[in-house]
Amino acid sequence: MSIKIFHNPRCSKSRQTLQLLADNNVQAEIIEYLKQAPSKTELESILSLLGLSPRQLMRKGEAIYKELNLAEESLSDEQLLDAMLSNPILIERPIVLANGKAAIGRPPESVLDII
């Protein structure tokens, strides 16, 4: 069984989620997505598994969100996806993939439902 976590070590929720997995004896492949951004196909798959639109998976408090004027309602999902791929800091974290499902670790315990 392959379990992955899209992780940012500087994020407390991401660290808490990783610790929760470890506490439950879950071995996860750690993907530091700021260093190794997901491919467009991976990101589309994650969105599909989560049942979210690109805008719903974006971190709207990031400075780059405002700089790129990503709140503009006329932007297409494709444009928002491209912004997330170019600036992975915009992707909400942490995301855990397991058993053909995905969950965002906010709160960290929400990932327990898919492992």
Side-chain angles (χ1 to χ4, degrees):
M1 176 173 63
S2 173
I3 297 175
K4 296 180 180 181
I5 179 170
F6 287 84
H7 176 63
N8 177 349
R10 296 185 64 189
C11 169
S12 63
K13 292 288 184 222
S14 201
R15 290 192 308 270
Q16 289 168 14
T17 301
L18 193 58
Q19 185 61 52
L20 185 66
L21 292 174
D23 291 348
N24 283 274
N25 297 313
V26 174
Q27 295 279 323
E29 176 187 349
I30 299 169
I31 299 166
E32 287 193 35
Y33 71 97
L34 295 180
K35 294 179 183 173
Q36 178 187 343
S39 69
K40 187 172 188 178
T41 304
E42 279 180 304
L43 190 54
E44 289 171 334
S45 173
I46 290 167
L47 286 165
S48 176
L49 290 171
L50 290 169
L52 298 177
S53 71
R55 188 175 302 282
Q56 291 173 304
L57 191 62
M58 294 183 101
R59 295 177 55 82
K60 297 168 186 69
E62 294 294 336
I64 192 78
Y65 184 85
K66 292 173 184 66
E67 288 170 28
L68 296 178
N69 199 27
L70 296 173
E72 175 56 50
E73 291 295 324
S74 66
L75 292 173
S76 69
D77 283 354
E78 194 72 22
Q79 289 170 304
L80 295 174
L81 264 176
D82 289 342
M84 292 163 77
L85 293 168
S86 299
N87 305 280
I89 191 76
L90 289 167
I91 301 171
E92 187 57 83
R93 62 184 178 253
I95 299 169
V96 173
L97 303 178
N99 302 310
K101 299 177 183 170
I104 298 173
R106 292 183 173 273
E109 292 76 20
S110 65
V111 305
L112 295 176
D113 295 339
I114 67 166
I115 57 172

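- Within the 4.5 Å cutoff, side-chain heavy atoms of Leu43 are placed close to those of Met84.
- Considering OG of Ser86 and CG of Leu68, their distance stands at 8.5 Å, rounded to 0.5 Å.
- Interatomic distance, Ile3 CD1 to Leu97 CG, rounded to the nearest 0.5 Å: 10.0 Å.
- The minimum heavy-atom distance linking Leu20 with Pro108 is given by the pair CD2-O, 3.4 Å.
- How far CG of Leu21 is from CG of Leu112: 7.5 Å, rounded to the nearest 0.5 Å.
- For the atom pair CZ of Phe6 and CD1 of Ile31, the computed distance is 4.0 Å after rounding to the nearest 0.5 Å.
- Looking only at side-chain heavy atoms (C-beta outward), Leu70 and Met58 come within less than 4.5 Å of each other.
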**Item:** Step-by-step side chain to side chain contact (heavy atoms under 4.5 Å, CB included) determination, Ile64 to Glu62
**Value:** CA-CA 5 Å; Ile64 192 78; Glu62 294 294 336; 4.2 Å; yes
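- Under the 3.5 Å distance criterion, the side-chain polar atoms of Glu42 are matched with a main-chain donor or acceptor of Ser39.
- Proximity of Leu52 to Ile104: side-chain heavy atoms (C-beta onward) are separated by under 4.5 Å at one or more points.
- Under the 4.5 Å side-chain heavy-atom criterion for grouping Ile, Leu, Val, Met, Phe, Trp and Tyr, Val111 is not connected to Leu49 through any hydrophobic cluster.
- Contact record, Leu80 with Pro54: CB-CB, 3.9 Å, taken as the closest heavy-atom pair.
- Looking at Ile95 and Lys4, their side chains never come closer than 4.5 Å, going by heavy atoms from C-beta outward.
- Atom CG in Asn87 sits 9.0 Å away from atom CD in Glu67 (nearest 0.5 Å).
- Proximity of Leu18 to Pro94: side-chain heavy atoms (C-beta onward) are nowhere separated by under 4.5 Å.
- Using a 4.5 Å cut-off on side-chain heavy atoms (C-beta onward), Ile115 and Val26 make contact.
- Here the shortest heavy-atom pairing between Ile5 and Ser14 reads CD1-O, 4.3 Å.
- Contact record, Arg106 with Arg93: NE-O, 2.7 Å, taken as the closest heavy-atom pair.
- Annotation for Lys60 and Tyr65: closest pair O-CD2, 3.4 Å, computed over non-hydrogen atoms.
- One finds the CG atom of Leu57 at 10.0 Å from the CG atom of Leu90 (value rounded to the nearest 0.5 Å).
- Residues Thr17 and Gly105 share a closest heavy-atom pair of OG1-O, 3.6 Å.
- In this structure, the side chains of Ile46 and Ile91 stay at 4.5 Å or more apart for every pair of heavy atoms.
- Between the Glu72 side chain and the Asn69 main chain, no donor and acceptor come within less than 3.5 Å of each other.
- Between Gln56 and Glu92, the closest side-chain pair of non-hydrogen atoms is not below 4.5 Å.
- For NZ of Lys66, the number of neighbouring non-hydrogen atoms (other residues, nucleotides, ligands) closer than 6.0 Å is greater than 12.
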